[in-house]
Amino acid sequence: MRQRIGILTGGGDCPGLNPVIRAVVKRAAVDGWEVLGFRNGWKGVVEGDFTPLDDNSVSGILPKGGTILGTSRTNPFKKSGDLDKLKNTLRNLQLHSLIAVGGEDTLGAANKLVKEGVKVVGVPKTIDNDLNATDYTFGYDTAVNIAMECIDRLHTTAESHNRVMVVEIMGRHAGWIALESGLAGGADVILIPESPVDIEKVCKLIKKRHARGKTFSIVAVAEGAVLKDQEVIADQKLDQFGHVRLGGVGQVIGDLIEKKTGFETRVTVLGHIQRGGSPTAFDRILGTRFGVKAFELVKEGKFGYMVSLQGRNIVAVRIEEAVGQLKTVPAQYYEMAEIFFG
Ligand code: F6P
């Protein structure tokens, strides 16, 4: 029998997942290995829901956003019995091992599974770019470019109407997308979770800018930003990994700016637009290189490891190094960005 591996994509989707799947299938074919794709993240492994993947199934998927396998935020350790079901699936299908493509939660589960004797290699993904032990995750570059283009578009309408435009950008615990799209798009103020928002200071910056003749301002806000002495703004729903759903801070900040400055203010929430559509060249290439390397780690038996970008090289690091602590924006980087505020 040919050697057989499984692949799954878990957590929030992001552009670049399909290039990873394609690269794993194509690299595996070179050695004559079979690949099974599990549907909807860990859920597919628990339920034994899979589809065989070959050259034809991955043809044409390189430029497509999302994931042909589907995804979910299922935690295989949440419901009793799921872990046994997952192990049964792997045994029944006589799988050599699994490649898990995901962010902190999916890889955190992968790491726990390795301790349970399951053979897993990880591939890091998240548009938030907040995973440790890799310089970048794919999906992030696409999200930054989309957000930058939106900021460019908001500039022309802000300028025509003499308005303040607040744009809420994804980033749960780390403000990477807001910071770098804000820098690239020339936002006048950027607010991120790493630095609690001083609303008086923000309004002062905007007033100063308008006093020197500017008639509009763009404020980029990460969804996880917090006002000083206030909680993060979220609804009550939790996912299986215990994360709250964020959203709403842009409106709160927009209302405060309008009230305190008297300038007409509008709020735009970019939401899932940032995760949709075609990956950039950077993300297609990173996903491709990650997929090839992940298969090679499987062959080397490096379970409990994940692929990682370090400088220009793709290397293997322990999954443990990536999960547990998030990679947030360093204070010096944010201070540098502040030069351009106001
Ligand atoms: O983790 C990626 C991410 O896009 C975050 O930026 C965002 O907070 C979250 O996922 C949204 O999750 P969902 O797609 O489940 O609404």
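Start at 1 and go down the list; that is how both ligands and their atoms are numbered. Sequence positions, counted from 1, serve as the residue numbers for this chain.
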>> For atom 7 (C) of ligand 1, tell me which residue out of Lys125, Glu223, Glu104 has the closest non-hydrogen atom.
In response: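 It is Glu223 that holds the nearest heavy atom.
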>> If you take the nearest heavy atom of each of Arg275, His173, Arg172, which one is closest to atom 3 (C) of ligand 1?
In response: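 Looking at heavy atoms only, the winner is Arg275.
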Go through ligand 1 atom by atom and flag the ones less than 4.0 Å from a non-hydrogen atom of [X].
{"X": "Ile127", "answer": "4 (O)"}
{"X": "Met170", "answer": "4 (O), 6 (O)"}
{"X": "Arg73", "answer": "9 (C), 10 (O), 11 (C), 12 (O), 13 (P), 14 (O), 15 (O)"}

> N/O of Asp128 under 3.5 Å from N/O of ligand 1, yes or no?
Replying inline: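 There is such a contact, yes.
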Does a side chain donor of either [X] or [Y] reach within less than 3.5 Å of an acceptor in the other side chain?
{"X": "Asp13", "Y": "Thr67", "answer": "no"}
{"X": "Arg284", "Y": "Ser278", "answer": "yes"}
{"X": "Asn145", "Y": "Glu149", "answer": "no"}

>> Please tell me whether Tyr140 and Met148 are part of a single hydrophobic cluster in this structure, the criterion being side-chain heavy atoms less than 4.5 Å apart.
In response: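 Different hydrophobic clusters.
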> What protein heavy atom sits nearest atom 16 (O) of ligand 1, and how far away is it?
Replying inline: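 The closest heavy atom on the protein side is His272 NE2, 3.2 Å.
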>> Does only the side chain of Gln274 get under 4.0 Å from ligand 1, or the backbone, or both, or neither? Count heavy atoms.
In response: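 For Gln274, there is no contact with ligand 1 at all, from either part.
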> So which bit of Ile177 gets within less than 4.0 Å of ligand 1, heavy atoms only: side chain, backbone, both or neither?
Replying inline: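 For Ile177, no heavy atom sits under 4.0 Å from ligand 1.
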> Under 4.0 Å between a Lys/Arg side-chain N and an Asp/Glu carboxylate O for Glu200 and Lys260?
Replying inline: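 Looking at Lys260 together with Glu200, the answer is yes, because their closest N to O distance falls below 4.0 Å.
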> Does the ring center of Phe216 lie less than 6.0 Å from the ring center of His161?
Replying inline: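 No, too far apart.
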> Do Val101 and Phe138 pass the side-chain contact (heavy atoms from CB on, under 4.5 Å) test, and can you show the C-alpha distance, the side-chain angles, and the key distance before you say yes or no?
Replying inline: CA-CA 11 Å; Val101 191; Phe138 59 84; 3.9 Å; yes
>> Contact between ligand 1 and Gly171 is defined here as a heavy atom of the residue under 4.0 Å from a ligand atom; is it met?
In response: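 Distance cut 4.0 Å: Gly171 passes for ligand 1.
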